[in-house]
Amino acid sequence: MIRIWYQKLFLSNVYFTIALRRRKNGIQSERKFCPEYIMPAKQSMWSADPMLVDHGEETYLFYEAVEQDRGHIAVSKVNADCTLSPPDVVLQDGTHYSYPFVFWKDGEWYMIPESSEAREVRLYRAAAFPKDWELSTVLLKERAVDTTVFEKNGCWYLLTFLTDGLSERVTPRAYRMQFAENSVSLEQLSWENFDSLQVRGAGPLLRTGGKLLRPAQISGEQRYGDGLVFYSVQTSDGYRETPEFQITEKELQAKGIHADGLHTYCASEHFEAIDIRCRDLDLLKPVKKLLRRLGI
């Protein structure tokens, strides 16, 4: 109770930032995250939903860049010391974008950003990787978040998560994907025995120790990003998952920020990235609230 009142009285609203490190054993072995670089962030300008992509000898970080509560997709090259090149805007128009899921298939780069505000799941194709993208098709007409694609045994699958916007509970859907020359078809699969507050997508799947692991968000009823749960995936009979392990801010060893939660995890050949839910200490917060109520 004391902690809750302390947060309400003296901590700012939440925002996110992205932390990177060079990949060693991986999160599945260490079960903790010690960043080497943390992107600068503040409440009016922050970043989330990291997606690391290897392209030739380079690694790129695609992410949601938020300014004044409006999200667009940006990309930066990852340097050897985990710092980032200046960002380039990838996708920005009247729609709020986040979770830029990028994947490679048959010699082409594709991206499915979250565009739930438009009630569409959109597939983009790279006209010139990594900066230039063009709309290829609309996969679903749904208010869906954190769409994630993966390949297993030569078959492609799409996972997405329907939301009503009233709480953080989501309804997951799984599909088998069929790619044609100018279209993509989706065949829905059964998905049972899920926790609607611990299923929402949180990054690309990982292949490790003979298992295919999917990161998902641990959310509260009215807020998301309380941590990450990793599930092992089975696709032989519909779509099924088994929880393997979790990580929360307790496993995050980052100095200089007030870590309040975790949200998305991804890994490339040489790097790992995670986004961190942050809050700032604001001892004048009660005074500011009182002045606003008084109209001062």
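With respect to the salt-bridge test (charged N to carboxylate O, under 4.0 angstrom), the residues R122 and E114 do not qualify. Salt-bridge formation is not detected for the pair R240/E192: no Lys NZ or Arg NE/NH1/NH2 atom is positioned less than 4.0 Å from an Asp or Glu carboxylate oxygen. Salt-bridge check for E251 with R31: failed, with every basic side-chain N at 4.0 Å or more from each acidic carboxylate O. The residues R70 and E117 are annotated as salt-bridged, a charged nitrogen and a carboxylate oxygen being separated by less than 4.0 angstrom.
For the atom pair OG (S185) and CG (L139), the distance works out to 10.0 Å, reported to the nearest 0.5 Å.
At least one cation-pi condition fails for R279 and Y15: the charged atom is not both under 6.0 angstrom from the six-membered ring centre and inside a 45 degree cone around its axis. The cationic atom of K105 (NZ for Lys, CZ for Arg) lies less than 6.0 Å from the six-membered ring centre of F179 and within 45° of the ring axis.
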TODO: Apply salt bridge (charged side-chain N to carboxylate O under 4.0 Å, His left out) to R119 and E142, showing your working.
DONE: CA-CA 5 Å; R119 296 181 180 272; E142 298 279 6; over 6 Å; no
TODO: Take R200 and E168 through the test salt bridge (charged side-chain N to carboxylate O under 4.0 Å, His left out) and record every step on the way to the result.
DONE: CA-CA 9 Å; R200 180 173 170 171; E168 292 303 326; 3.3 Å; yes
Task: Criterion side-chain contact (heavy atoms from CB on, under 4.5 Å) on V184 and W156, from CA distance to verdict - done: CA-CA 11 Å; V184 179; W156 285 84; over 6 Å; no
Open item on the list: As a quick check of understanding, evaluate salt bridge (charged side-chain N to carboxylate O under 4.0 Å, His left out) for R207 and E151, giving each step before the final call.
Closed with: CA-CA 11 Å; R207 301 177 191 274; E151 179 271 332; 3.5 Å; yes
Open item on the list: Walk me through whether Q217 and D146 qualify under side chain to side chain donor-acceptor pair (under 3.5 Å).
Closed with: CA-CA 10 Å; Q217 295 182 33; D146 303 335; 3.2 Å; yes
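Of the options R21, K32, R22, a salt bridge (charged side-chain N to carboxylate O under 4.0 Å, His left out) to E272 is made by R21 and by none of the others.
In this structure, E269 and D54 approach most closely via the heavy-atom pair N-OD2, 2.9 Å. Heavy-atom minimum distance, D49 versus S98: OD2-CB, 3.4 Å. Counting all heavy atoms, side chain and backbone alike, G107 lies closest to W104 at CA-CZ2, 3.2 Å. In terms of heavy-atom proximity, A259 sits nearest to E249 at O-CG, 4.0 Å.
Within the 3.5 Å criterion, the main-chain N or O of D260 finds a donor-acceptor partner in the side chain of R277.
No side-chain heavy atom of T59 sits less than 4.5 Å from a side-chain heavy atom of K77. Counting only heavy atoms from C-beta outward, the side chains of T17 and D275 never approach each other to under 4.5 Å. Side-chain contact between P204 and M51 is present, with heavy atoms from C-beta onward closer than 4.5 Å.
The aromatic rings of F62 and F129 are tilted relative to each other, their planes meeting at an angle between 30° and 60°.
Using modelled atom types and a 3.5 Å distance limit, the side chains of H55 and W109 yield a donor-acceptor pair. Y60 and S268 share no donor-acceptor pair across their side chains, judged by distance under 3.5 Å alone. Using modelled atom types and a 3.5 Å distance limit, the side chains of S232 and E244 yield a donor-acceptor pair. Side-chain atoms of S136 and R125 include no donor-acceptor pair closer than 3.5 Å.
Cluster partners of L20, using a side-chain heavy-atom cutoff of under 4.5 Å among ILVMFWY residues and allowing indirect links, are I18, Y37, M39, L52, L61, Y63, V78, L84, F271. In the hydrophobic clustering (ILVMFWY side chains linked at under 4.5 Å, chained through shared members), V170 is joined by V145, F150, Y157, L159, F161, L189, W191, F194, V199, L205, L212, V233, Y239.
Looking at residues two or more places apart in sequence or on another chain, you find a ring-ring contact (aromatic ring centres under 6.0 Å, His included) between Y265 and F230.
Counting non-hydrogen atoms of neighbouring residues, nucleotides and ligands closer than 6.0 angstrom, the CG atom of D81 exceeds 12 such neighbours.
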